[in-house]
Chemist: 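Please find one structure pasted underneath; my questions will follow.
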Amino acid sequence: MKKLIIISIAFLFTFCSPSNKENILSKNNLETAQSFLDNIIINPATAKSLLHEDFTFAWMGIIEQGGKIWNRDNLFDEYFKNIIPEILPNGIVLKTVDAISDNNGVAIIQEGDAEGKNGEYDNKYVWIFKMKDGLIHSVREYNSDILVATQLYDYKLVPLDKE
């Protein structure tokens with residue numbers, strides 16, 4: 001009987017400690033964020049189901065759609081349905097190369113492989129997820145503005161005149 005009590009106490013300390021609960025929450029947050037990225041284009045209903053009702057998304061660039069705040073509806077009805085197919089007509093392959101997570105959020109680093117409307121577009125991405133109530137509350141996307149401007153939009157790089 002003593003042995004059973006000791007094993008039970010050890011189990012409780014091991015699997016019910018705050019740090020283990022935080023590790024489980026951190027892992028769940030990472031799985032949710034990765035699932036969102038895996039499904040945003042191919043299965044938008046699944047991706048949308050992972051979003052908090054007060055969800056916001058923004059690409060943090062400084063051109064075109066940069067800084068515009070999207071919600072859980074117009075993100076899929078406009079952004080991923082109209083804007084992304086226009087600038088990436090053949091789609092994009094995103095590969096996760098690193099990630100970190102905790103009980104409040106996730107950062108996922110990805111490398112993209114695509115053909116933009118103006119040529120090869122192989123950008124690197126950092127996605128910052130904030131979580132609330134087990135769902136994605138916000139996503140902020142960071143990548144190279146120069147690649148977006150030149151390969152997806154019609155910006156041209158020109159040298160500055162030195163006087």
Side-chain angles (χ1 to χ4, degrees), residues 12-117 120-153:
L12 288 173
F13 279 110
T14 303
F15 294 102
C16 297
S17 68
S19 62
N20 194 54
K21 287 179 185 174
E22 289 175 7
N23 288 340
I24 291 169
L25 183 56
S26 175
K27 183 179 180 223
N28 288 345
N29 287 345
L30 180 56
E31 289 172 358
T32 299
Q34 187 63 59
S35 180
F36 173 79
L37 292 175
D38 292 345
N39 286 289
I40 52 177
I41 303 295
I42 61 170
N43 195 348
T46 297
K48 192 173 182 179
S49 74
L50 303 171
L51 304 180
H52 192 274
E53 64 183 25
D54 298 327
F55 169 82
T56 61
F57 170 88
W59 172 61
M60 301 309 292
I62 59 171
I63 62 166
E64 302 299 322
Q65 300 295 327
K68 180 175 180 181
I69 301 295
W70 301 84
N71 63 39
R72 64 188 308 243
D73 293 320
N74 66 14
L75 179 67
F76 294 97
D77 295 343
E78 295 174 36
Y79 190 74
F80 287 117
K81 197 175 203 177
N82 298 322
I83 294 170
I84 296 301
E86 181 182 317
I87 59 178
L88 291 168
N90 298 318
I92 186 168
V93 175
L94 295 169
K95 177 185 172 193
T96 298
V97 295
D98 202 359
I100 57 172
S101 63
D102 65 16
N103 57 340
N104 296 312
V106 177
I108 294 179
I109 301 169
Q110 293 187 316
E111 293 178 351
D113 182 25
E115 189 73 21
K117 73 176 195 175
E120 186 174 341
Y121 175 70
D122 296 339
N123 213 335
K124 294 182 185 338
Y125 299 82
V126 176
W127 307 86
I128 305 297
F129 293 80
K130 295 293 183 182
M131 311 302 275
K132 183 176 181 181
D133 303 327
L135 297 169
I136 300 167
H137 189 253
S138 68
V139 177
R140 298 299 180 259
E141 173 189 355
Y142 297 85
N143 59 22
S144 168
D145 284 6
I146 292 174
L147 283 177
V148 171
T150 59
Q151 301 311 104
L152 303 183
Y153 293 97

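These values consider heavy atoms only, across backbone and side chains, with no hydrogens, waters or symmetry-generated copies.
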Chemist: Around I146, counting heavy atoms of other residues, nucleotides and ligands shown, do more than 12 lie under 6.0 Å from its CD1?
Modeler: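 12 or below, so no.
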
Chemist: Using the salt bridge (charged side-chain N to carboxylate O under 4.0 Å, His left out) criterion, which residues pair with E115? Sequence neighbours excluded.
Modeler: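 None.
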
Chemist: Could you tell me if S26 and S101 have a donor-acceptor pair between their side chains, going purely by distance under 3.5 Å?
Modeler: yes

Chemist: When you compare the side chain of F76 with that of L51, does any pair of heavy atoms fall below 4.5 Å?
Modeler: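 Of all side-chain heavy-atom pairs linking F76 with L51, at least one is under 4.5 Å.
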
Chemist: Which atoms form the tightest heavy-atom contact between L88 and A114, and what is the distance?
Modeler: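 Smallest heavy-atom distance, with atoms named: CD2-CB, 3.9 Å.
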
Chemist: Can you find a pair of side-chain heavy atoms, one from Y142 and one from I128, that are under 4.5 Å apart?
Modeler: yes

Chemist: With a 4.5 Å cut-off on side-chain heavy atoms, are L135 and T32 touching?
Modeler: no

Chemist: We want to know whether Q34 and D38 form a side-chain donor-acceptor pair, criterion being a heavy-atom distance below 3.5 angstrom.
Modeler: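 Per modelled atom types, Q34 and D38 side chains form a pair under 3.5 Å.
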
Chemist: Measure the shortest side-chain to side-chain distance between W70 and I83 over non-hydrogen atoms and say whether it is less than 4.5 angstrom.
Modeler: yes

Chemist: Decide, yes or no, whether a salt bridge links K48 with D73 under the criterion of side-chain N to carboxylate O below 4.0 Å.
Modeler: yes

Chemist: Are the side chains of V148 and Y121 in touch, meaning some heavy atoms are under 4.5 Å apart?
Modeler: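 Answer yes - side chains close enough.
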
Chemist: Under the side chain to side chain contact (heavy atoms under 4.5 Å, CB included) criterion, do N71 and I69 qualify, and how do the steps go?
Modeler: CA-CA 7 Å; N71 63 39; I69 301 295; over 6 Å; no

Chemist: Within the supplied structure, the quantity of interest is the number of heavy atoms (other residues, nucleotides, ligands) at a distance under 6.0 Å from K117 NZ; does it exceed 12?
Modeler: yes

Chemist: Begin from the C-alpha positions of L37 and L94 and carry the test side chain to side chain contact (heavy atoms under 4.5 Å, CB included) through to its verdict.
Modeler: CA-CA 9 Å; L37 292 175; L94 295 169; 5.6 Å; no

Chemist: Begin from the C-alpha positions of L30 and I108 and carry the test side chain to side chain contact (heavy atoms under 4.5 Å, CB included) through to its verdict.
Modeler: CA-CA 8 Å; L30 180 56; I108 294 179; 4.2 Å; yes

Chemist: Between F36 and F55, how do the two ring planes meet: parallel, tilted or perpendicular, split at 30° and 60°?
Modeler: tilted

Chemist: Of all heavy-atom pairs between N82 and D77, which one has the smallest distance, and what is that distance?
Modeler: ND2-O, 3.6 Å

Chemist: Which atom pair, heavy atoms only, marks the closest approach of T46 to S49?
Modeler: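 It is O-OG, 2.6 Å.
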
Chemist: If we only count heavy atoms from C-beta on, is the D113 to K95 side-chain gap below 4.5 Å?
Modeler: no

Chemist: Who pairs with W127 by ring pair (Phe, Tyr, Trp, His ring centres under 6.0 Å), at least two apart in sequence or on another chain?
Modeler: Y125

Chemist: For R140 and T56, what are the C-alpha separation, side-chain angles and deciding distance, and is it a side chain to side chain contact (heavy atoms under 4.5 Å, CB included)?
Modeler: CA-CA 8 Å; R140 298 299 180 259; T56 61; 3.2 Å; yes

Chemist: Write down the atom of G105, the atom of M131, and the distance for their closest heavy-atom approach.
Modeler: CA-CG, 3.9 Å

Chemist: Is the shortest side-chain heavy-atom distance between N143 and K124 below 4.5 Å?
Modeler: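 Sidechains of K124 and N143: no contact.
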
